[in-house]
Amino acid sequence: MEAILLGTAQDGGVPQAGCACPRCAAAWRNPAQRQWVVCLGVIDRAAGSCWMIDATPDFREQLHLLTTAAPECTLKGIWLTHAHMGHYTGLLQLGKEAMGAQHMPVYATARVCAFLRANEPWATLARDGYIDLTEITCDTHYALAGGTITAHSVPHRSEHSDTVAYSLRGEQRLFYCPDIDRWQGWQHNVRDVVAAHDVSLLDGSFFADGELARDMSLIPHPLVTDTVERLDGLRDKALFIHLNHTNPLLEESSEQRCWLSERGFDVGAAGMRWDL
């Protein structure tokens with residue numbers, strides 16, 4: 001089993017639509033500074049198969065990156081974390097207007113599947129056989145790429161669906177958690193979870209409080225500063241993903257990036273790979 005990071009940004013990507021902040025303006029001018037929405041690929045070269053965790057607005061480019069990294073592999077399914085903009089809207093690329101997929105397996109919780117079946121255009125994708133919705137249950141191990149994949153329920157804004165993180169287990173273990181409200185609202189201790197995995201990709205939407213010119217309590221993500229404090233001493237175990245376009249960690253030369261590196265943590269980047 002191999003994993004490849006296919007994107008690192010929050011749902012709106014970098015640059016964000018309609019934004020002229022210095023970071024987005026730079027990304028509009030220089031395509032090399034653009035960031036795709038967070039997504040993870042899983043590869044099984046022996047079986048000639050690959051999968052994606054989440055279907056983002058950047059699905060087209062991310063599928064190309066995945067199949068370029070593993071040209072002998074064919075996309076065999078998509079695992080969804082939840083029904084927020086950046087994590088499922090790429091399913092449209094499977095429909096009649098684009099790929100015209102034939103019964104592409106889409107794995108998600110019962111609540112996510114119900115949401116997709118009840119709303120267009122997702123319902124048409126399922127009804128016309130472009131996707132096959134398969135309900136999964138949390139804390140159940142599913143065979144994948146010579147190892148297993150396991151969904152874990154996490155607290156997050158639930159206006160449309162519930163939310164899960166995923167553990168991939170081969171000879172090594174990887175934890176993928178792009179969205180969660182606050183660590184203190186989770187039934188598990190994030191320090192214990194990270195310690196139990198070889199690498200953890202964690203929600204790093206915002207670096208610190210005050211990053212937005214609005215009430216950040218209404219957008220409850222764990223602050224990077226808080227996560228680092230909770231994981232003190234667990235060096236080289238965690239990387240931050242799902243970065244909002246306001247997050248200074250997007251700039252490699254920023255003081256915040258240096259601060260993070262000094263404490264033994266890093267920021268994810270598209271194309272990073274792990275042999276599990």
Side-chain angles (χ1 to χ4, degrees), residues 1-5 38-44 47 49-56 76-84 86-88 91 104-117 126 131-205 220-222 227 230-231 234 237-242 268 274 276:
M1 182 191 292
E2 300 172 49
I4 178 171
L5 192 56
V38 66
C39 178
L40 188 70
V42 182
I43 298 169
D44 183 348
S49 302
C50 60
W51 298 263
M52 298 172 77
I53 302 182
D54 283 332
T56 85
K76 295 296 186 180
I78 299 168
W79 300 73
L80 300 181
T81 57
H82 62 303
H84 283 165
H87 301 268
Y88 78 103
L91 293 176
M104 178 66 68
V106 174
Y107 304 93
T109 66
R111 191 172 174 204
V112 173
C113 288
F115 170 80
L116 295 173
R117 292 188 183 105
I131 64 174
D132 286 343
L133 295 173
T134 301
E135 295 182 7
I136 62 171
T137 57
C138 289
D139 303 315
T140 297
H141 304 306
Y142 297 91
L144 187 71
T148 62
I149 184 170
T150 308
H152 305 284
S153 177
V154 297
H156 190 48
R157 292 181 293 112
S158 57
E159 63 271 37
H160 299 312
S161 75
D162 51 4
T163 302
V164 300
Y166 284 103
S167 287
L168 293 172
R169 174 175 244 171
E171 294 182 6
Q172 298 192 71
R173 299 183 68 185
L174 182 147
F175 182 60
Y176 175 77
C177 182
D179 272 288
I180 191 170
D181 283 350
R182 300 286 187 189
W183 298 121
Q184 57 266 38
W186 194 25
Q187 61 180 329
H188 301 290
N189 184 315
V190 64
R191 185 180 181 86
D192 294 339
V193 173
V194 171
H197 289 78
D198 296 280
V199 60
S200 293
L201 308 176
L202 304 179
D203 183 345
S205 299
H221 291 270
T227 303
R230 291 172 183 271
L231 301 180
L234 295 179
K237 296 278 284 182
L239 297 91
F240 289 96
I241 57 172
H242 198 265
W274 298 272
L276 304 179

Side chain to side chain contact (heavy atoms under 4.5 Å, CB included) between V42 and I4, intermediate numbers included: CA-CA 6 Å; V42 182; I4 178 171; over 6 Å; no

Please test I180 against V190 for side chain to side chain contact (heavy atoms under 4.5 Å, CB included), starting from the C-alpha separation and ending with a verdict. CA-CA 11 Å; I180 191 170; V190 64; over 6 Å; no

Worked check of side chain to side chain contact (heavy atoms under 4.5 Å, CB included) between Y176 and T81: CA-CA 10 Å; Y176 175 77; T81 57; 3.9 Å; yes

Apply side chain to side chain contact (heavy atoms under 4.5 Å, CB included) to the pair D198 and L174, showing each step before the final yes or no. CA-CA 6 Å; D198 296 280; L174 182 147; over 6 Å; no

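Counting heavy atoms from C-beta on, the side chains of Q172 and L276 come closer than 4.5 Å. You'll find the side chain of L144 reaches within 4.5 Å of the side chain of L168, heavy atoms only. Two residues are said to be in side-chain contact when any heavy atoms from C-beta on lie closer than 4.5 Å; D54 and Y88 fail this criterion. Side-chain contact between L91 and L80: present, with at least one pair of heavy atoms (C-beta onward) separated by less than 4.5 Å. Counting heavy atoms from C-beta outward, M52 and C39 have side chains that approach closer than 4.5 Å. A heavy-atom distance below 4.5 Å is not found between the side chains of I241 and L40. Under the 4.5 Å side-chain criterion, counting only non-hydrogen atoms from C-beta, Y107 is not in contact with Y142. Annotation: side chain of H152 is not in contact with side chain of V164 (no heavy-atom distance under 4.5 Å).
Among all heavy-atom pairs drawn from C113 and A108, the shortest one is SG-O, 3.7 Å. Closest non-hydrogen pair, A145 versus M1, comes out as O-CB, 3.5 Å. The shortest heavy-atom contact between V199 and W274 is CG2-NE1, 3.8 Å. Pairing each heavy atom of S153 with each of C138, the nearest pair is N-SG, 3.7 Å.
Using a 4.0 Å cut-off between a side-chain N of Lys or Arg and a carboxylate O of Asp or Glu, E159 and R111 do not qualify as a salt bridge.
Between atom OG1 of residue T227 and atom CG of residue L234 there is a gap of 12.0 Å, rounded to the nearest 0.5 Å. Between the CG atom of N189 and the CD atom of Q184 there is a distance of 11.5 Å, given to the nearest 0.5 Å. Of the inter-residue distances, the one linking H84 atom NE2 with S161 atom OG reads 6.0 Å to the nearest 0.5 angstrom. The CZ atom of F115 sits 5.0 Å away from the NE2 atom of H160 when rounded to the nearest 0.5 Å. The line from OG of S200 to CZ of R173 is 9.5 Å long, rounded to the nearest 0.5 Å. Distance check: W79 CH2 to I53 CD1 gives 8.5 Å after rounding to the nearest 0.5 Å.
Residues D162 and T109 bring a donor and an acceptor atom of their side chains to less than 3.5 Å of each other. For the residue pair H221/S205, the side-chain donor-acceptor check at 3.5 Å is satisfied. Side-chain atoms of S49 and D44 form no donor-acceptor pair, as typed in the model, at a separation below 3.5 Å.
Between H82 and H87, the ring planes lie tilted relative to each other; the angle falls in the 30° to 60° range. Between W183 and W186, the ring planes lie tilted relative to each other; the angle falls in the 30° to 60° range.
Although no hydrogens or angles enter the test, the distance criterion places no donor-acceptor pair under 3.5 Å between the side chain of R169 and the main chain of G147.
For an aromatic pair to be called close, the ring centres must be under 6.0 Å apart, and Y166 with F175 fails this.
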